[in-house]
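Worth saying up front: this structure is predicted, and the values here are computed from it rather than measured.
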Amino acid sequence: MVSVLCALCIAGCAGRAPVAARSKDSLMRAAAAVSPEHGAGAPSASPGAAADEAAVAHDDEEHDDGGEVDDGLELPAEPGAGTPAQSPLAAMSEAQIEELLAKDPAALGPMSVGATNAGALFNGIRMPEGDRWELVDPGHAWGTRETVDALDRAIAEVHRQFPGSPKLYIGHISARDGGRLSPHKSHQAGRDVDISYFLDARHRWYQRATAANLDRERTWAFVRALITETDVELILIDSSVQRLLKEHALKIGEDKDWLDEVFQFGSRKPRPLIRHARGHANHIHIRFYSPIAQESAVRAYPLLVKRGAIKPTAHYVRHTAKKGQTLGSLARQYGTTVEAIKRANGLRSTAIQAKRVYNIPRPSSGPAAPPKHVVVPPRRLPPPRAADASPPVRHDEAGPALGG
């Protein structure tokens with residue numbers, strides 16, 4: 001199916017312009033009109049998870065920041081060994097690449113340029129329509145081929161385990177050329193995806209997942225497939241939903257040490273793949289590595305800028321706001337302007353919140369530096385699971401208490 005999917009994606013790129021998209025703000029308002037309030041209380045967590053619960057309560061509060069979601073997390077490179085990315089462009093000379101840029105740019109393939117919160121997408125592929133998913137906003141569902149294939153692979157695994165599963169809703173990936181996509185901080189380079197949880201029969205896009213409506217079996221099967229069968233960089237899931245999924249995974253016999261490496265909730269292990277971020281109780285945010293697309297961008301970057309195919313990628317300082325700071329004080333501190341900071345963060349007003357992280361544009365007298373080479377860390381595979389003769393776990397069963 002993946003090869004057919006790639007063919008469909010390529011055809012979609014060559015076809016007419018995508019259907020005009022509804023704004024995310026209108027989608028959010030529409031979702032709010034149909035989404036229920038918090039469901040029945042979730043199973044109780046261990047005392048060691050109290051801090052996580054407090055963070056959830058704090059981060060679910062409304063903020064006057066233009067409706068953005070906190071999806072701009074950028075992690076430092078993983079320490080240790082990994083697989084250097086490879087690109088077919090590595091064997092080409094600059095002259096050959098430049099000739100293709102002039103005559104047949106599509107032949108160079110998709111390129112994910114720069115950071116996901118300050119990047120671009122070149123030769124993007126639109127996620128095709130499918131019988132296992134629904135595109136909420138087709139005009140902003142452009143990504144790398146690796147992103148499209150990884151999504152298809154993980155969703156297919158759920159349907160392999162649970163034939164007849166309902167469709168998932170796929171929200172924003174990136175704009176056709178990448179760059180800023182409101183209301184996000186990321187989604188700029190074709191590697192970020194917003195996708196729904198598997199919920200009950202009343203499921204709608206942007207509906208909050210709760211203990212009462214979360215389909216734990218299918219959602220965990222999907223998340224597990226992302227971790228074990230794709231090159232996923234990080235997953236953002238609200239701590240309240242992490243708790244439900246982790247308890248379910250323990251109940252069906254998943255290894256606890258491995259789950260502590262995967263989930264931020266209930267664990268003190270460094271660098272978990274699944275992290276809490278404000279605004280992710282109603283959808284999952286996935287960020288994939290796209291080794292070929294990222295390394296192709298590194299190779300072609302100077303020529304893309306030279307020919308005006310992309311603008312030089314921006315440089316940002318990540319600043320955690322302190323109580324009493326204002327956009328004006330930040331602009332003076334970093335030598336930029338209030339309007340530049342607002343644009344970099346998609347802010348509609350000058351209000352900022354303490355402890356929130358903001359992108360601060362960094363002035364530059366020359367062209368921005370090219371993207372960095374990417375090294376893909378090994379996948380975090382679990383130890384083999386012992387045969388489990390116990391009956392299937394029901395959605396409403398409480399799992400074991402999670403340790404701190």
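What you find for Pro378 and Gly82 is that their closest heavy atoms are CD-CA, 4.3 Å. Residues Val305 and Pro312 share a closest heavy-atom pair of CG1-CG, 3.9 Å. Taking all atoms of both residues into account, the shortest heavy-atom contact from Lys167 to Asp131 is CE-O, 3.6 Å. Annotation for Arg191 and Gly114: closest pair NH2-O, 4.3 Å, computed over non-hydrogen atoms. Nearest heavy atom pair, residue Phe198 against residue Ser165, reads CE2-CB, 4.4 Å. When every heavy atom of Glu217 is checked against every heavy atom of Phe162, the shortest pair comes out as CB-CZ, 3.7 Å.
Side-chain contact between Asp177 and Trp142 is absent, with no heavy atoms from C-beta onward closer than 4.5 Å. At a threshold of 4.5 Å between non-hydrogen side-chain atoms, the residues Ile237 and Tyr197 count as touching. Two residues are said to be in side-chain contact when any heavy atoms from C-beta on lie closer than 4.5 Å; Ile292 and Thr144 fail this criterion. Side-chain contact check for Gln242 versus Pro272: every heavy-atom pair is 4.5 Å or farther apart. Counting heavy atoms from C-beta outward, Thr230 and Ile286 have side chains that stay 4.5 Å or more apart.
For the side chain to side chain contact (heavy atoms under 4.5 Å, CB included) with Thr219, the qualifying choice from Leu214, Val158, Leu199 is Leu214, the only one to do so.
Side chain of Gln264 to main chain of Arg275: no donor-acceptor pair is present (N/O by atom type, distance under 3.5 Å, no hydrogens or angles). A donor-acceptor pair under 3.5 Å links the side-chain atoms of His187 to the main chain of Ile173, judged by distance alone. Put simply, the side chain of Thr147 gets close to the backbone of Gly190: a donor and an acceptor are under 3.5 Å apart. In this structure, Ser329 contributes its side chain and Gln325 its backbone to no donor-acceptor pair below 3.5 Å. In this structure, the side chain of Tyr289 does not engage the main chain of Glu146 through any donor-acceptor pair within 3.5 Å. Looking only at distances, a side-chain donor or acceptor of Arg380 sits under 3.5 Å from a matching main-chain atom of Glu261. Put simply, the side chain of Arg180 gets close to the backbone of His184: a donor and an acceptor are under 3.5 Å apart. Although no hydrogens or angles enter the test, the distance criterion places no donor-acceptor pair under 3.5 Å between the side chain of Ser196 and the main chain of Trp205.
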Using distance only, find each side-chain donor-acceptor pair of residues 97-111 under 3.5 Å and give its atom names and separation, not counting sequence neighbours.
unit_1: Glu98; atom_1: OE2; unit_2: Lys306; atom_2: NZ; d: 3.2
unit_1: Glu99; atom_1: OE2; unit_2: Lys103; atom_2: NZ; d: 3.1

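Taking the six-membered ring where the residue is Trp, the centroids of His283 and Tyr169 are separated by 6.0 Å or more. Checked against a 6.0 Å centroid threshold, the rings of Phe263 and Trp220 count as neighbours.
Between Lys256 and Asp260, at least one side-chain nitrogen of the basic residue sits less than 4.0 Å from a carboxylate oxygen of the acidic one, meeting the salt-bridge criterion.
Under a cut-off of 6.0 angstrom, the local environment of CD in Gln96 is crowded, with over 12 non-hydrogen atoms contributed by other residues, nucleotides or ligands. Atom NE2 of His373 has 12 or fewer neighbouring heavy atoms from other residues, nucleotides or ligands inside a 6.0 Å radius.
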Would Asp152 and Arg132 count as a salt bridge (Lys or Arg N to Asp or Glu O under 4.0 Å) here? Give the steps. CA-CA 9 Å; Asp152 173 67; Arg132 295 173 175 174; 5.2 Å; no
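For Arg307, the side-chain hydrogen bond (donor to acceptor under 3.5 Å, both in side chains) criterion is met by no residue, not counting sequence neighbours.
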